[in-house]
Amino acid sequence: MKFDDVLLKLGEFGPYQKRLYFLLCIPAISVGCYMLNLVIILETPNHRCKIPGYDNDTYAIQSPYHEALVNQTIPLNPKDRRQPYEKCHYYRESNQTGTMEWIKCTQWVYDRSIVRETFTTKEDLVCDDASWTSHIKLIFYIGVLVGDIGFGLIADFIGRRKTLMAAVLLWNVSGFALSWAPDTISFIILEFIVAAAQHGAFMVCNVMSLELVGPNKRVLCGTLIHGFFTLGLLYQSGAAYVLKHWQWIDLAIAVPLVFYIAYYWLIPESPRWLMSKGRYDEAEKIIQKAGKVNKVQLPEKMINPSLVEREQTQMKLWHLFSTKEMFIRTTILLFNWIAVALMYFGVTMHAGNIGGNFYFNFFLNGIVEFPAILFVILTMDRIGRKRLQCIVMVFGGIATLLTIFSILFGGDDFTWLTTTLSLFGKVGSTAAFSVIYVMTLELYPTVLRNAALGGGSCIGRVGSMLAPYVAASGAMIDGDFSTALPLVIFGFVSTTAGLLVLLVPESQHRKLPESVQDGIKFYEEEEVNYESKEEEVMSGGRSRIETTRL
């Protein structure tokens, strides 16, 4: 007996599971806010050196006298149409020679027309310190990785519910404290803790939601939760547009975290985990309660300990490379995980550099995720996993590559086209995130499935860690190509990954491999008629899919 056998009688996705699934999806809204929050609160607005001795200096021109003083003191920057002034130097007349000296400034004034204050403007993370914005994002995504691994191990040891509550409490404390970070070092430390806590909580919610439902509903439930993530992006863009100050924005996304403390009373422990630990009586109580809510007549004793099957011994990450076929497959899929994360986070981080309204661009990068997710749900079982992954990755990659023409030859008049093409890149990467998850589940045998999905998710964090540096790479060069360079890199990597995925086998309409030998022979396996064999594939294959750290 396995827990999936219990679900056959209880119902794969009854009212009880739907209620808990909805509650477990809600934290994804907050996770969506925090995963890209640094894009907003570390935004670098237009700026220039503060005029020495002019205490009332502002970026906006105050009067003809002020304009003349700016023109006399601040060098122009003709290579950047959106940034008219030199950002890091000013002119000062030498007392000895009477000539104008080129001086590096230590104080700046910022364009406050779009944002009142970001953490970047508060700490003057510009010019020589500009790379700190990328370093902070890197440390944040390292925190995400630590949270995935750390809370994942804890959840397997002490249980899903206790781990979720520990992550939620840590998330609340660090989230509110972040709004009053006094300096850069404390800000970095708190961002690291927030990253680990929020994604640790998200990982546990993912696992618990998939452990509640039957095999036929796992792909659907695993995809829909990302729609709640997108809602977080939309909420955050609205809060940022209204508040325009990094502290108030942080508070606006921290306040909802208090609600998750109520999950201590609303969310029970995962009965699947309880069964795996031999705590059958506790699992039985939850199953019987679920039966009443689902209005299903269950036996008085649903779990027979003597019939419970032990889990298969899981192989380790290095076994993914144990044969030539597995090495090629694993290498291509891991590269796709990196490419998808690089494209997804990088395009959003670069939105403020394209031009147009910063908040509107961020909002658009969120709203386009809904059609991407819907497209995957509607087409995955029609087109196939491999072909769909290739289509969305190449589509997004070519779209971002084409921005080089709209930027270099179109100028400001074609900013709308550049924005549209970059949004197509976001659509492709969002869709690819859902597809690569399912491909990784289905292309590996049962004994390697945990290692494959856990390893892919962790390796994918490399892409999110590289994204801020690629998004900022345009700062290394001058001219219009500085805006196009990051998008060209994103597009090249995405297109390459999409074409390489054609070299892995298709998993649609095929029995899932049970052993490593089955995985090696996956290329030769005959296609299964989906209509007549659907029940066999679902119950014989996906019922054995182990939930993993997402």
Side-chain angles (χ1 to χ4, degrees), residues 20-42 119 136-181 186-209 225-226 228-236 239-240 243 246-270 345 457-458 461 464 549-550:
L20 291 182
Y21 177 75
F22 176 74
L23 288 173
L24 290 168
C25 284
I26 293 176
I29 298 175
S30 295
V31 173
C33 292
Y34 277 98
M35 284 297 288
L36 289 167
N37 184 42
L38 289 177
V39 176
I40 289 178
I41 66 174
L42 289 181
F119 191 79
I136 293 171
K137 293 172 186 174
L138 169 66
I139 293 170
F140 177 87
Y141 290 114
I142 291 175
V144 170
L145 177 59
V146 171
D148 282 346
I149 297 173
F151 284 102
L153 294 173
I154 295 171
D156 288 339
F157 183 68
I158 69 172
R160 295 11 178 164
R161 180 168 170 267
K162 290 181 180 178
T163 305
L164 176 60
M165 295 317 302
V168 164
L169 291 175
L170 184 61
W171 192 3
N172 269 270
V173 173
S174 56
F176 279 97
L178 187 62
S179 301
W180 286 278
S186 60
F187 182 83
I188 291 174
I189 294 172
L190 288 170
E191 282 288 355
F192 178 88
I193 297 173
V194 165
Q198 57 94 23
H199 217 268
F202 182 58
M203 176 273 305
V204 176
C205 287
N206 267 286
V207 170
M208 292 184 76
S209 65
I225 194 171
H226 294 286
F228 287 80
F229 182 98
T230 303
L231 287 176
L233 298 180
L234 303 184
Y235 168 76
Q236 184 187 34
L243 300 173
W246 74 274
Q247 285 183 302
W248 293 112
I249 295 170
D250 268 346
L251 278 175
I253 63 177
V255 169
L257 303 181
V258 178
F259 169 71
Y260 307 138
I261 297 176
Y263 279 30
Y264 180 81
W265 297 276
L266 297 175
I267 303 294
E269 182 54 86
S270 166
F345 291 103
S457 180
C458 290
R461 301 300 168 206
S464 58
R549 293 182 289 278
L550 303 181

ask   = Where do M35 and Y141 land on the side-chain contact (heavy atoms from CB on, under 4.5 Å) test, with the steps shown first?
value = CA-CA 9 Å; M35 284 297 288; Y141 290 114; 3.8 Å; yes
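- Side-chain atoms of Y235 come within 3.5 Å of backbone atoms of A252 as a donor-acceptor pair (strictly under, hydrogens ignored).
- To the nearest 0.5 Å, atoms CZ (R461) and CZ (F345) are separated by 6.5 Å.
- Taking all atoms of both residues into account, the shortest heavy-atom contact from I158 to E269 is O-OE1, 4.5 Å.
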ask   = Should F202 and N206 be marked as a side-chain contact (heavy atoms from CB on, under 4.5 Å) after you check the CA-CA gap, both sets of side-chain angles, and the distance that decides it?
value = CA-CA 6 Å; F202 182 58; N206 267 286; 3.2 Å; yes
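- Taking CG from L234 and OG1 from T230, the interatomic distance works out to 7.0 Å, rounded to the nearest 0.5 Å.
- Of all the heavy atoms in Y263 and P27, the pair that sits closest is OH-CD, 3.5 Å.
- Distance CD1/I29 to CD/Q236: 13.0 Å, rounded to 0.5 Å.
- R161 places no side-chain N or O within donor-acceptor distance of the main-chain N or O of P268, the cut-off being under 3.5 Å.
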Taking only distance into account, with no hydrogens and no angle test, what donor-acceptor pairs under 3.5 Å do side-chain atoms of residues 167-178 form with protein atoms, sequence neighbours excluded?
unit_1: N172; atom_1: OD1; unit_2: V258; atom_2: N; d: 3.3
unit_1: N172; atom_1: ND2; unit_2: V168; atom_2: O; d: 2.9
unit_1: N172; atom_1: ND2; unit_2: L257; atom_2: O; d: 3.1
unit_1: S174; atom_1: OG; unit_2: L170; atom_2: O; d: 2.7
unit_1: S174; atom_1: OG; unit_2: W171; atom_2: O; d: 3.4

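- Inter-residue side-chain proximity for Y260 and L164 is flagged as unmet; no heavy-atom pair is nearer than 4.5 Å.
- Residue S179 holds its OG atom at 9.0 Å from CH2 of W248, rounded to the nearest 0.5 Å.
- Here CD1 of I41 is found 10.0 Å from CD of Q247. Values are rounded to the nearest 0.5 Å.
- Between I261 and M165, the shortest heavy-atom distance links the atoms O-CE, 3.4 Å.
- Residues F187 and W246 approach most closely at CE1-CZ3, 4.2 Å, considering heavy atoms.
- Nearest approach of S209 to L24, heavy atoms of both residues: N-CD1, 3.7 Å.
- Scanning for side-chain hydrogen bond (donor to acceptor under 3.5 Å, both in side chains) contacts around S270 gives E211, with sequence neighbours left out.
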task = Begin from the C-alpha positions of V144 and Q198 and carry the test side-chain contact (heavy atoms from CB on, under 4.5 Å) through to its verdict.
result = CA-CA 8 Å; V144 170; Q198 57 94 23; 3.8 Å; yes
Derivation of the side-chain contact (heavy atoms from CB on, under 4.5 Å) call for E191 and I139 = CA-CA 8 Å; E191 282 288 355; I139 293 170; over 6 Å; no
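- Here I26 contributes atom CD1 and I225 contributes atom CD1; the two are 10.5 Å apart, rounded to the nearest 0.5 Å.
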